[in-house]
Amino acid sequence: MSEHQGIALRNPVIPGFHPDPSVCRVGDDYYLVCSSFEYFPGIPVFHSRDLVHWTQLGNALDRPSQLRLPRELLSSAGIYAPTLRHHDGRFWLVVTNVAGGGNMLFTATDAAGPWSDPIPLPGVPGIDPDLAWDEDGTCWCTIAGVRQARIDPVTGETFGELRRIWSGTPGAKAPEAPHLYRIGDHWYLLIAEGGTERGHGVAIARGPSPSGPFEPCPHNPVVTHRGTEHPIQNTGHADLVQAPDGSWWMVLLGVRPRGGTPGWHVLGRETFLVPVEWVDSWPVVGEVPSELPIPSWPLVPAPVEPVRDDFELGELRPQWISPRDRSPDHCTTKDRSGWLTLRARGASLDEPDAVFVGRRQQHLTCEARTRVDAGQGRGGLAVRLDEEHHYEIEATEGEVRVLARAGSLRTVLASRTVPSGPVVLGVRFSPAPDLGPRTGPDIVTFGVEEPDGSFAELGSLDGRYLSTEVAGGFTGRVIGMYAAAGTVHFDWFDYTPQGS
């Protein structure tokens with residue numbers, strides 16, 4: 001019996017907007033990366049010792065020379081579907097920037113960075129690139145579609161024409177997210193199909209060489225929750241990893257929809273973990289559980305993330321992200337000691353160049369607060385999905401107001417006067433009232449902190465308008481601070497989970 005018997009291990013293992021996970025193992029350590037789309041810095045990098053508890057080491061693309069996301073970039077464009085591998089003593093990261101540059105490679109000797117500047121792959125079109133090396137050192141790059149070519153990962157040169165290989169169930173939508181592995185006597189090609197919505201699934205085939213020919217698994221899809229009542233949906237875009245004890249595991253994305261019909265997911269696509277068994281040289285996965293089985297190895301809990309960021313460090317923590325860029329001219333912790341200073345560029349969060357610094361919402365029930373000095377400008381606390389879907393509470397000297405943007409509609413929900421000087425703004429996420437099939441995912445409530453520390457509610461909004469089912473796209477909610485005019489200072493930011 002495991003020494004951890006009775007411990008509940010929650011799935012997702014990396015909650016919030018962390019889609020398209022790719023994982024590799026180096027000795028007793030695991031490393032994982034995710035898509036980041038229009039946000040800078042790009043590609044969060046995580047580390048774990050047990051596959052269950054993950055700590056963010058940094059972001060692979062943290063310099064403008066690595067990541068160009070122009071002002072005209074649409075939300076949910078940018079960085080798509082990285083693959084992370086370790087080969088010949090180095091980490092290799094291949095990814096698509098659909099904003100420009102296409103497929104490109106980055107390398108590092110330490111997953112925490114620094115990562116190299118990009119090595120372009122001009123002969124590799126499309127999205128979702130994968131890397132695999134065969135026994136003689138040949139590197140194979142496989143992309144969505146599914147097509148494949150040999151490349152030189154050092155120079156980016158492609159050899160020969162792209163060749164179409166096994167592409168999943170005939171007629172199935174969106175064969176993508178290919179990953180190629182040598183396991184035992186076979187080469188396995190793992191793909192996603194069915195689209196990244198409710199029809200998502202994982203299929204696999206095997207063959208004698210990296211280029212096939214591939215025989216599909218007779219039990220495909222090996223993972224899907226389509227057409228079920230399971231609380232985890234949209235399961236797909238998977239990657240396999242072997243633990244030191246010989247067991248196999250799969251990381252994949254999924255969502256947790258809430259409310260009535262059609263069900264709204266608000267945190268984006270999250271990273272889940274599931275054990276894998278092998279039967280007749282085929283992987284057998286089953287349902288993705290909300291609680292994981294206890295592994296046979298020791299658990300290594302990650303450091304507890306502090307509730308408060310007081311901006312005392314010289315640089316922002318890696319969890320903080322911004323749309324498209326984060327210029328030190330507009331975002332700094334160096335102007336006022338212990339404060340984050342934001343200088344406005346766009347006039348509101350409707351603008352693609354708005355100055356916003358946020359962190360992913362990772363819990364369905366939680367709250368966030370920040371202490372704002374808007375004496376020289378206008379700004380506050382926001383929940384962002386994209387330029388057309390965001391809620392915020394905004395401060396100017398002596399006044400706060402609650403704003404909402406949903407599609408083509410923008411409104412001022414509430415306002416009130418406040419004493420001069422810094423003010424504490426807050427947002428809470430709570431379960432929605434039961435309206436039968438029309439029940440939304442949650443309620444988003446904004447308010448200010450009174451002098452006695454109590455929370456004075458100013459306005460509540462239906463959370464469905466900050467969901468992927470309403471807004472579309474590939475991202476999830478990001479909660480953070482912004483400046484819409486002048487200069488705005490933030491003393492601290494609190495994020496407090498209150499549920500899963």
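Nothing here was measured: the structure is a model prediction, and the numbers come from that model.
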Study note, to complete from the structure: Note: W140 and D134 closest approach over all heavy atoms is NE1-OD2, 3.1 Å
Review point. Between Y188 and W278, is the ring centre distance below 6.0 Å?
Key: yes
Practice item. Answer yes when E197 and K173 have at least one side-chain N-carboxylate O distance shorter than 4.0 Å, and no when they do not. Key: yes
Practice item. Identify the heavy atoms of P41 and D62 that sit nearest to each other, and give their distance. Key: CB-CA, 3.8 Å
Check your understanding: For the side chain of D494 and the backbone of D309, is there at least one donor-acceptor N/O pair under 3.5 Å apart?
Key -> no
**Study point:** 4.5 Å side-chain heavy-atom contact, V222 and V284
**Key:** no
Review point. Is the CG atom of D185 crowded by more than 12 outside heavy atoms at less than 6.0 Å?
Key: no
**Study point:** Neighbour count above 12 (heavy atom, 6.0 Å) for Y31 OH
**Key:** yes
Review point. Relative to F455, does R428 satisfy both conditions: NZ or CZ under 6.0 angstrom from the six-membered ring centre, and within 45 degrees of the ring's axis?
Key: yes
**Study point:** Pair R324 + E387: basic N to acidic O under 4.0 Å
**Key:** yes
**Study point:** Passing candidate, salt bridge (charged side-chain N to carboxylate O under 4.0 Å, His left out) with E270, options R256, R10, R360
**Key:** R256
Point to revise | Side-chain (T224) to main-chain (P221) donor-acceptor, under 3.5 angstrom | key: no
Exercise for review: Would you give the length of the straight line joining atom NE2 of H389 to atom CG of L349, rounded to the nearest 0.5 angstrom?
Suggested key: 13.5 Å
Point to revise | Trace of the ring pair (Phe, Tyr, Trp, His ring centres under 6.0 Å) decision for W297 with W249 | key: CA-CA 13 Å; W297 53 81; W249 296 75; 5.7 Å; yes
Check your understanding: Does Y391 reach the side chain of L466, with side-chain heavy atoms less than 4.5 Å apart?
Key -> yes
Check your understanding: Aromatic ring centroids of H18 and F46 under 6.0 Å?
Key -> yes
**Study point:** Ring-ring centroid check F311 F490, cutoff 6.0 Å
**Key:** no
Exercise for review: Check each of I204, V241, L190, L189 against Y181 using the side chain to side chain contact (heavy atoms under 4.5 Å, CB included) test, and report the only one that passes.
Suggested key: L190
Revision key, fill the gap. Shortest non-hydrogen pair, L316 vs C331, comes out as CD1-SG, 3.9 Å
Review point. So do V95 and M104 actually touch side chain to side chain, heavy atoms under 4.5 Å?
Key: yes
Practice item. Could you check if a side-chain atom of L292 sits within less than 4.5 angstrom of a side-chain atom of V274, using non-hydrogen atoms only? Key: no
Review point. Checking salt bridge (Lys or Arg N to Asp or Glu O under 4.0 Å) for the pair E469/R258: CA distance, chi angles, key distance, verdict?
Key: CA-CA 11 Å; E469 283 73 16; R258 299 210 301 179; over 6 Å; no
Practice item. Could you tell me whether R477 and D442 have a side-chain N and a carboxylate O separated by less than 4.0 Å? Key: yes
Exercise for review: Take atom CZ of R308 as the centre, draw a 6.0 Å sphere, and report whether it contains more than 12 heavy atoms from other residues, nucleotides or ligands.
Suggested key: yes
Practice item. State whether the side chain of E449 and the backbone N or O of G426 hold a donor-acceptor pair below 3.5 Å, judged by distance alone. Key: no
Review point. Can you find a heavy atom in the side chain of S36 that is under 4.5 Å from one in the side chain of P44?
Key: yes
Exercise for review: Using the ring of Y495 (Phe, Tyr or Trp, six-membered ring only), decide whether R359 places NZ or CZ under 6.0 Å from its centre and within 45 degrees of its axis.
Suggested key: yes
Review point. Has E312 got more than 12 heavy atoms of other residues, nucleotides or ligands less than 6.0 Å from its CD?
Key: yes
Check your understanding: CD of E277: more than 12 outside heavy atoms within 6.0 angstrom?
Key -> no
Point to revise | Side chain to side chain, D239 and L252, heavy atoms closer than 4.5 Å | key: no
**Study point:** D386-S75 side chain donor-acceptor pair, cut-off 3.5 Å
**Key:** no
Exercise for review: Please name the pair of heavy atoms, one in R226 and one in E193, separated by the smallest distance, quoted to 0.1 Å.
Suggested key: NH2-O, 3.9 Å
Exercise for review: Report yes or no: is the cationic atom of R464 (NZ for Lys, CZ for Arg) under 6.0 Å from the centre of the six-membered ring of W264, at an angle within 45° of the ring normal?
Suggested key: yes
Practice item. Kindly state whether the ring of W320 and the ring of F493 have centres lying under 6.0 angstrom apart. Key: yes
Review point. Any side-chain heavy atom of F37 within less than 4.5 Å of one from V98?
Key: no
Review point. Of all heavy-atom pairs between F17 and V478, which one has the smallest distance, and what is that distance?
Key: CD2-CG2, 4.3 Å
Check your understanding: Is the gap between the ring centers of W92 and W133 under 6.0 Å?
Key -> yes
Point to revise | Minimum heavy-atom distance between P303 and T55, given as atom pair plus value | key: CD-OG1, 3.4 Å
Review point. Could you state the interatomic distance from NE2 (H200) to CG (N234), rounded to the nearest 0.5 Å?
Key: 7.5 Å
Check your understanding: Hey, is the main chain of L69 close enough, under 3.5 Å, to the side chain of D325 for a donor-acceptor pair?
Key -> no
Point to revise | Ring-face cation of R206 near W282 (centre distance under 6.0 Å, axis angle within 45°) | key: yes
Revision key, fill the gap. Rounded to the nearest 0.5 angstrom, the CD1-OG1 distance for I143 and T96 is 8.5 Å
Check your understanding: Does the side chain of C141 come within less than 4.5 Å of D130's, by heavy atoms?
Key -> no
**Study point:** Main-chain N/O of L435 paired with T439 side-chain donor or acceptor, under 3.5 Å
**Key:** yes
Exercise for review: Give a yes or no on whether R182 atom CZ has more than 12 heavy-atom contacts from other residues, nucleotides or ligands under 6.0 Å away.
Suggested key: yes
